Number of protein chains: 2
Amino acid sequence: MSELAVKAEKLDAVDELAVLRERFVLDEVVYLDGNSLGALPVSVPGRVDDVVRRQWGELRIRSWEESGWWTAPERIGDRIAPLVGAAPGQIVVGDSTSVNVFKALVAAVRMAGAGRDEIVVDATTFPTDGYIAESAARMTGCTLRPVVPAEVPGVLSGRTAAVLLNHVDYRTGRLHDLPGLTAAVHAAGAVAVWDLCHSAGALPVGLDEHGVDLAVGCTYKYLNGGPGSPAYLYVRRELQDRFDSPLPGWNSHADPFGMRSDFEPAAGALRGRVGTPDILSMLALEAALEVWEGVSIEAVRAKSLALTDFFLECVGAYAGEGRVESVTPVAHAERGSQVALRCDDAGDVMKRLIGRGVVGDFRAPDVLRFGFTPLYVGFADVERAARVLGDVTAG
Amino acid sequence: MSELAVKAEKLDAVDELAVLRERFVLDEVVYLDGNSLGALPVSVPGRVDDVVRRQWGELRIRSWEESGWWTAPERIGDRIAPLVGAAPGQIVVGDSTSVNVFKALVAAVRMAGAGRDEIVVDATTFPTDGYIAESAARMTGCTLRPVVPAEVPGVLSGRTAAVLLNHVDYRTGRLHDLPGLTAAVHAAGAVAVWDLCHSAGALPVGLDEHGVDLAVGCTYKYLNGGPGSPAYLYVRRELQDRFDSPLPGWNSHADPFGMRSDFEPAAGALRGRVGTPDILSMLALEAALEVWEGVSIEAVRAKSLALTDFFLECVGAYAGEGRVESVTPVAHAERGSQVALRCDDAGDVMKRLIGRGVVGDFRAPDVLRFGFTPLYVGFADVERAARVLGDVTAG
């Protein structure tokens, strides 16, 4: 047994979160793609079956009340809230991340008020945020200004209406300075909108603590909600009265069953709802969130950093000099829960890794991504992944 | 046995669609709320279980390709297409009806071109369409003009950009003249957008035949897709190149995995996609659509009219004079697949009906709605529902 394998064994032995792996359906594969699609929690299949067979099949229409379907968006939002540092009543679940980015950005511009006609967006963002930001700018008469996050403070001005940033970069895994950037946005009098897709469930976010205005995130990565599970929208309590949605559906009405032709927005986070909620996916997500019972996000973060530290150490030991190069920051304060390695033939290497039972993913043109979900990835997995990577990149 | 019960028995005996009832999970309840939430098709639970346990749980990320997740929106759109008279390649599934109304209306205004600054909307519409139309008007610099469908031709002008109409009124069950109104909208040079929520799956729509420009619809009523199942968007082939979506997500990009920062829309109906598709709900819908195997929508329409005719006949015989009054048109050409009865104490009456095993629904302030899904409702159900209605409204 190699020195690193021994070290992995020791780290696993003292890992207090190791028992959580039992809450997921896993096999002999080393699954390092939880930053794309989280593994299946064991609580999900039975719940979904009950939703389909009993709630839909037997109770049918009665389930909107009796099975709590109608209130699912805000109930599940409250379940996500502690994971992102939000008090209850500020998050609703529903729609895709893209649609929520649109709601948030348009509402942000409307909050910012007259004279502010510029939307600043992370130039390195996951593309959909940029496309939607462009549409939001076009539809609100704003100019879109893409800049890398580090340069955001320098471009803020009295013209800035809203700033859309990613907490963790989807490609490099870089963690951006949410408290500092939010403070800078506020100092300029603008509205801060954060995309938490790659941080929620992997590290503490502190939405309330840092005064974030609006935030969105998906639930199928570190929150393990299932393929394409509904996203969420956070609207800080103090701003909810001013949240003026571009998608005012009947579900965001103060009296949805009044069937009134005039729109009167509901109070609170419910304003972020739009149409009829997608119950099957939503209740699968609710079951998936049960894996967080008794888990502290701080402990998750500590393990996440230990996993990525150890992976970098193992890659350094196993992979040939110059063969792969990490584009993920070394500093803990700048690292999310993934490691991205640049590699000339990354597409090919990832195929071979998958063939050897190590699943990460490839992002064009030359990045290997490895996501570390602390709830179900262990240190032996990490050592094995790096060892196989060394093998497939050798020679 | 009463005369009407005998008649029901005879009608059921010659009903060629009667066998389709076996494709659904049903019990002793007379379920006349399929115009709100369709009953569970027997093909769904097993499929959903496979999607959860095997596709998500075992294949995980590989399912985006191997299980056909990525192409589900357009594949399922093509499955809905024949039911609404559309050739393949014009429908994508995803998002809620409200979100699709927004995409369609904004795109319609953009297609209509300069100088056209008015959106006409059905004044009797299901509220969400009106709220979203108001937002679309606000964000495109248009004026919103609500009028009842019959008066639409009279208000069309060179200023009309788009007209949003409901094929069947959600409250009264009135079927509007889609061919005639579409032709009138076109004669005025405007874009016709139809909401098919209450017609798709209950009667022939003929989207291609009548030259409809854009259409949206939900899938949880007569298409039995499950609670809050994803909606769909139809974009007529000739207009797809000009479909300029207000929600350009990464899923509507020509090269979604190129991760490019500039947006280049995909060709065809894919432009209607936005974010990551909601796979659990979407594949439940796909399984649900199997109930249409070998079923002609014309035969469904014929049975639907026979059911509503017979219901009106039974209500006339069983319910006391003046106690309930139909607000659904008598003329077949003006009737969808539901009957709405006005009744002073409708809320109360519906509760008692449900208590007696007859499920319809109540729409404020005074309407009892009964939806007739020809795939699983029979004539004996109709007779029983009317008889129980007679009982609970007597004395």
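In the text below, chain A, chain B and the rest are named by the order of the sequence lines, each starting its count at 1. Note that this is a predicted model, so its numbers are computed, not measured.
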> Which bit of D262(B) comes within less than 4.5 Å of chain A, counting heavy atoms only: side chain, backbone, both or neither?
Replying inline: backbone
> Got a sec: does the CD of E66(A) have more than 12 other heavy atoms crowding it under 6.0 Å?
Replying inline: yes
> Quick one: what part of P246(A) sits under 4.5 Å from any heavy atom of chain B, side chain, backbone, both or neither?
Replying inline: both
>> For a 4.5 angstrom cut-off between non-hydrogen side-chain atoms, does F370(A) reach L353(A)?
In response: yes
> Tell me, side chain or backbone of R110(A) under 4.5 Å from chain B's heavy atoms, or both, or neither?
Replying inline: side chain
> Yes or no on side-chain contact (heavy atoms from CB on, under 4.5 Å) for S67(A) and W56(A), after CA distance, side-chain angles and deciding distance?
Replying inline: CA-CA 9 Å; S67(A) 303; W56(A) 173 14; over 6 Å; no
> Side chain, backbone, both or neither: which part of F102(A) has a heavy atom under 4.5 Å from chain B?
Replying inline: side chain
>> Heavy-atom count check: over 12 atoms from other residues, nucleotides or ligands less than 6.0 Å from E286(B) CD?
In response: yes
>> With side-chain contact (heavy atoms from CB on, under 4.5 Å) as the criterion, how do D381(A) and R21(A) come out once you've worked through the C-alpha distance, each side chain's angles and the decisive distance to 0.1 Å?
In response: CA-CA 12 Å; D381(A) 296 325; R21(A) 186 179 164 93; 3.6 Å; yes
>> What I'd like to find out is whether the side chain of Y232(A) reaches to under 4.5 Å of the side chain of V216(A), using heavy atoms alone.
In response: no
>> Counting heavy-atom pairs under 4.5 Å with chain A, which one of L37(B), T97(B), V99(B), T140(B) comes out on top?
In response: L37(B)
>> Any non-hydrogen side-chain atom of R260(B) less than 4.5 Å from a side-chain atom of D255(B)?
In response: yes
> With a 4.5 Å limit on heavy-atom distance, are the side chains of C218(B) and C197(B) in contact?
Replying inline: yes
> Given the options R62(B), E58(B), M139(B), which has more heavy-atom pairs under 4.5 Å with chain A than any of the others?
Replying inline: M139(B)
> Looking at D33(A), V51(A), T128(A), which makes the most heavy-atom pairs under 4.5 Å with chain B?
Replying inline: T128(A)
> Is it the side chain or the backbone of P277(B) that comes within 4.5 Å of chain A heavy atoms, both, or neither?
Replying inline: backbone
>> Check this for me, if you would: do R60(B) and D27(A) make a salt bridge, where the nitrogen-to-carboxylate-oxygen distance has to be below 4.0 angstrom?
In response: yes
> Quick one: what part of R171(A) sits under 4.5 Å from any heavy atom of chain B, side chain, backbone, both or neither?
Replying inline: neither
> Based on non-hydrogen pairs under 4.5 Å, which of V106(B), V25(B), I354(B), T276(B) is most in contact with chain A?
Replying inline: T276(B)
> Side chain, backbone, both or neither: which part of N224(A) has a non-hydrogen atom closer than 4.5 Å to chain B?
Replying inline: backbone
> Are any side-chain N or O atoms of T219(B) and backbone N or O atoms of P230(B), one a donor and one an acceptor, separated by less than 3.5 Å?
Replying inline: yes
> Measuring heavy-atom distances to chain B, does S281(A) have an atom under 4.5 Å in its side chain, in its backbone, in both, or in neither?
Replying inline: both
>> So which residue, S63(A), P248(A), G57(A), P127(A), ends up with the most heavy-atom pairs under 4.5 Å with chain B?
In response: P248(A)
>> Heavy-atom pairs under 4.5 Å with chain A: which of P146(B), P365(B), G228(B) has the most?
In response: G228(B)
> Using non-hydrogen atoms only, which part of V42(A) is less than 4.5 Å away from chain B: side chain, backbone, both, or neither?
Replying inline: neither
>> Quick check on F24(A) against chain B: is it the side chain, the backbone, both or neither that has a heavy atom closer than 4.5 Å?
In response: neither
>> Is V359(B) close to chain A through its backbone or its side chain, or both, or neither, when contacts mean heavy atoms under 4.5 Å?
In response: side chain
> Do the side chain of H253(B) and the main chain of E264(B) share a donor and acceptor less than 3.5 angstrom apart?
Replying inline: yes
>> I'd like to check R23(A) versus P41(A) (side-chain heavy atoms, cut-off strictly below 4.5 Å). Are they in contact?
In response: no
> What part of D278(A) lies closer than 4.5 angstrom to a heavy atom of chain B: side chain, backbone, both or neither?
Replying inline: both
>> Just so I understand: if I count every heavy-atom pair under 4.5 Å between each of F257(B), Y170(B), Y220(B), Y31(B) and chain A, which residue has the most?
In response: Y31(B)
> Side chain, backbone, both or neither: which part of D129(A) has a heavy atom under 4.5 Å from chain B?
Replying inline: neither
> With respect to chain A, which residue among A364(B), S36(B), A39(B) yields the maximal number of heavy-atom pairs within a distance under 4.5 Å?
Replying inline: A39(B)
>> Between G226(A), P256(A), S96(A), who has the most heavy-atom pairs with chain B when the cutoff is under 4.5 Å?
In response: G226(A)
> Is there a side-chain contact between V48(A) and V48(B), using heavy atoms and a 4.5 Å cut-off?
Replying inline: yes
> So which of L280(A), I61(A), T125(A) has the largest heavy-atom pair count under 4.5 angstrom toward chain B?
Replying inline: I61(A)
> Are side-chain heavy atoms of H198(A) and F126(A) found at a separation under 4.5 Å?
Replying inline: no
